[in-house]
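Counting starts at 1 for both ligands and their atoms, following the listed order. Because the structure is predicted, anything quoted here is derived from the model rather than measured. Reckoned from all heavy atoms, side chains included, excluding hydrogens, waters and symmetry mates.
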Amino acid sequence: MRGQKSEEDILLEKESFYAEQGINVLLGKRASSLNAKDKIATTEDGLEIGFEKALLATGGRPKRLPIPGAELDGVHYLRTIENSQAIAKEGVPGRRGVIVGGGFIGMEIAASLTQLGAEVTVIEMAPYIWSRFLDETTAKYFQSYYQDKGISFFTNESVQQLHGQGVVASVETKSGKRIECDFVCVGVGIDLNDELAKEAGLEVGNGVLVNEGMQTSHPDIYAAGDIANYYDPIFGKRRRVEHWGHAEYTGQLAAENMAGAGKTYDLLTYVFSDIFDLRLEFAGDETEYEKILIRGTFEENSFVVLYMKDGKLTAYLSVNTSPREFIPMQRLIRRKIDLSSNLNNLTDKSFDLRKLLQQG
Ligand SMILES: Cc1cc2nc3c(=O)[nH]c(=O)nc-3n(C[C@H](O)[C@H](O)[C@H](O)COP(=O)(O)OP(=O)(O)OC[C@H]3O[C@@H](n4cnc5c(N)ncnc54)[C@H](O)[C@@H]3O)c2cc1C
């Protein structure tokens with residue numbers, strides 16, 4: 001979006017790779033039905049493809065705003081490169097953008113547009129941004145950091161209607177505020193592309209249900225990536241994860257198992273993000289925690305958020321800290337070491353975390 005990389009730079013593989021590997025890629029074709037009984041996938045234009053094993057990796061699409069004015073020009077969503085290019089064009093000094101949704105994607109867009117020179121306002125319905133995985137104190141640190149970079153926030157606020165003559169010109173909030181703008185970007189989550197799975201009669205519930213080997217309720221159909229609701233043996237529960245690393249890992253795992261490998265999921269999920277000059281690296285399951293500890297200080301813009309449950313580390317979010325500590329923290333999570341008597345050491349940046357591993 002900021003023009004630092006060309007379209008070619010971000011391709012997973014060059015087009016020639018697929019032919020070299022004997023992979024037949026059909027672009028511009030939508031699979032419109034999946035017959036699990038006869039094992040046939042059909043494309044929208046009527047091509048029937050028989051299979052022995054199939055993988056569903058259909059991901060999701062941005063949730064649309066269900067409000068009047070949402071169809072106006074200048075209202076953007078972000079999933080594809082075309083979406084990204086359209087948003088980048090709005091990033092011009094003097095243009096005013098409203099970002100609906102202060103999640104990861106909303107904040108990444110806000111930061112990129114601010115860096116491109118646009119004036120950005122974020123509307124978030126929770127009391128503070130990233131409320132799904134941060135407590136109020138930590139979230140407020142990030143929010144004030146972003147405010148210092150020029151981003152304005154309306155929290156505890158949602159969007160009621162978009163106004164404009166053909167092109168969006170203002171946003172009306174639930175509490176009656178009117179924010180003048182030249183464009184709007186919406187980042188309020190995704191709807192899963194799970195229609196094929198449902199039609200095929202697979203078990204679906206917050207994603208396509210798969211086991212530890214990515215196999216769906218049909219033994220010859222697998223699912224991976226955003227769409228897969230999988231059993232995570234590290235945390236002993238079902239999860240659905242919308243992260244790049246997990247998508248890549250589960251795609252590979254499913255492929256190996258489709259070829260008969262019989263492997264099980266063993267990834268400590270992670271995600272990273274660069275927002276202004278904050279390098280964020282997340283690992284683990286941040287959705288269940290009782291307590292948050294901070295290793296380091298907000299003042300230095302370098303610290304780790306530690307997520308604790310039952311005295312154990314379940315996840316961490318590193319902000320500009322040394323990757324040297326990532327492996328020990330990942331091991332503390334995986335080994336479920338009881339750290340109840342070491343909370344002071346955890347928050348002491350000078351304490352070597354590797355010492356805690358010797359206990360487990
Ligand atoms: C703006 C943005 C920023 C992100 N940033 C990060 C980040 O910093 N770090 C991170 O870890 N993750 C990030 N993510 C999440 C990450 O991109 C996703 O988790 C990942 O792409 C999921 O991969 P997937 O293969 O499951 O789905 P997708 O990448 O969505 O791929 C699904 C593909 O299936 C195709 N498809 C769907 N239905 C059909 C059909 N019926 N027939 C044929 N084809 C079909 C779609 O066109 C698409 O190409 C970001 C996502 C977005 C949108």
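Listed by number with element, the atoms of ligand 1 under 4.0 angstrom from any heavy atom of Glu242 are 15 (C), 19 (O). The Gly225 neighbourhood of ligand 1 comprises atoms 26 (O), with distances under 4.0 Å to a heavy atom of that residue. Interface of Gly59 with ligand 1, defined as ligand atoms under 4.0 Å from a residue heavy atom, comprises 26 (O), 27 (O), 30 (O), 32 (C). Near Lys29, the atoms of ligand 1 lying under 4.0 angstrom from a non-hydrogen atom of the residue are 43 (C). Short contacts between ligand 1 and Leu78, defined as distances under 4.0 Å to a heavy atom of the residue, involve ligand atoms 1 (C), 53 (C). When each atom of ligand 1 is checked for a heavy atom of Ala31 under 4.0 Å away, the hits are 40 (C), 41 (N), 42 (N), 43 (C). In the vicinity of Ala247, heavy-atom distances shorter than 4.0 Å reach the ligand 1 atoms 22 (C), 23 (O).
Of the candidates Ile227, Asn83, Ile190, Asp226, Asp226 brings a heavy atom nearest to atom 20 (C) of ligand 1. Evaluated by nearest non-hydrogen atom to atom 31 (O) of ligand 1, the leading choice among Gly28, Ala224, Ala57 is Ala57.
At under 3.5 Å, a nitrogen or oxygen of Trp244, whether backbone or side chain, sits near a nitrogen or oxygen of ligand 1. The shortest N or O to N or O distance between Tyr270 and ligand 1 is not under 3.5 Å.
Protein heavy atoms are found inside the 4.0 Å sphere centred on atom 43 (C) of ligand 1. Note that atom 49 (O) of ligand 1 has no protein non-hydrogen atoms nearby, at separations under 4.0 angstrom.
In this structure, Arg61 does not count as a contact residue of ligand 1, since none of its heavy atoms falls inside 4.0 Å of the ligand. Not a single heavy atom of Ser273 sits less than 4.0 Å from an atom of ligand 1.
Salt bridge Arg240/Glu242: present, at least one basic N to carboxylate O contact under 4.0 Å.
In this structure, the separation between CE on Met107 and CG on Leu280 is 10.5 Å, given to the nearest 0.5 Å.
Judged as a side chain to side chain contact (heavy atoms under 4.5 Å, CB included), and not counting sequence neighbours, the contacts of Gln330 are Leu268, Tyr316, Phe326, Ile327.
Glu300 and Thr297 share a donor-acceptor pair across their side chains, judged by distance under 3.5 Å alone. Using modelled atom types and a 3.5 Å distance limit, the side chains of Arg295 and Thr321 yield no donor-acceptor pair. For the 3.5 Å distance criterion, the side chains of Thr314 and Glu288 fail to qualify, holding no donor opposite an acceptor.
In this pair, Tyr265 and Tyr230 present their aromatic rings tilted. The plane angle is within the 30 to 60° band. Between Phe276 and Tyr146, the angle of the ring planes lies from 30° to 60°, which puts this pair in the tilted group.
Residue contacts with ligand 1, taken as heavy atom pairs separated by less than 4.0 Å, do not involve Glu195 at all. Contact annotation for Phe272 and ligand 1: only backbone heavy atoms (N, CA, C, O) come within less than 4.0 Å of the ligand. Contact annotation for Asn193 and ligand 1: only side-chain heavy atoms (C-beta onward) come within less than 4.0 Å of the ligand. Heavy atoms of Thr58 found under 4.0 angstrom from ligand 1 belong to the backbone as well as the side chain.
Under the 3.5 Å distance criterion, the side-chain polar atoms of Lys198 are left unmatched by any main-chain donor or acceptor of Val208. Between the side chain of Asn345 and the backbone N or O of Phe351 there is no donor-acceptor pair closer than 3.5 Å.
Looking only at heavy atoms of the protein, atom 29 (O) of ligand 1 is closest to Arg79 NH2, 4.0 Å. Atom 52 (C) of ligand 1 has its closest protein heavy atom at Ile105 CD1, 3.3 Å. The protein non-hydrogen atom at the shortest distance from atom 5 (N) of ligand 1 is Glu108 OE1, 4.1 Å. Counting only heavy atoms of the protein, atom 9 (N) of ligand 1 lies nearest to Val271 CG2, 3.3 Å.
Checked against Phe133 for a ring pair (Phe, Tyr, Trp, His ring centres under 6.0 Å), the options Tyr307, Tyr289, Phe104 give a single hit: Phe104. Here the options are Ile67, Ile123, Thr121, the test is side-chain contact (heavy atoms from CB on, under 4.5 Å), and the partner is Val171; only Ile123 passes. For the side-chain hydrogen bond (donor to acceptor under 3.5 Å, both in side chains) criterion with Arg239, the lone passing option out of Asn206, Thr287, Thr269 is Thr269.
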Name the atoms and distances for all side-chain donor-acceptor pairs under 3.5 Å in residues 184-193, with sequence neighbours left out.
unit_1 : atom_1 : unit_2 : atom_2 : d
Asp191 : OD1    : Lys63  : NZ     : 2.9
Asn193 : OD1    : Arg61  : NH1    : 2.4
Asn193 : ND2    : Thr58  : O      : 2.7

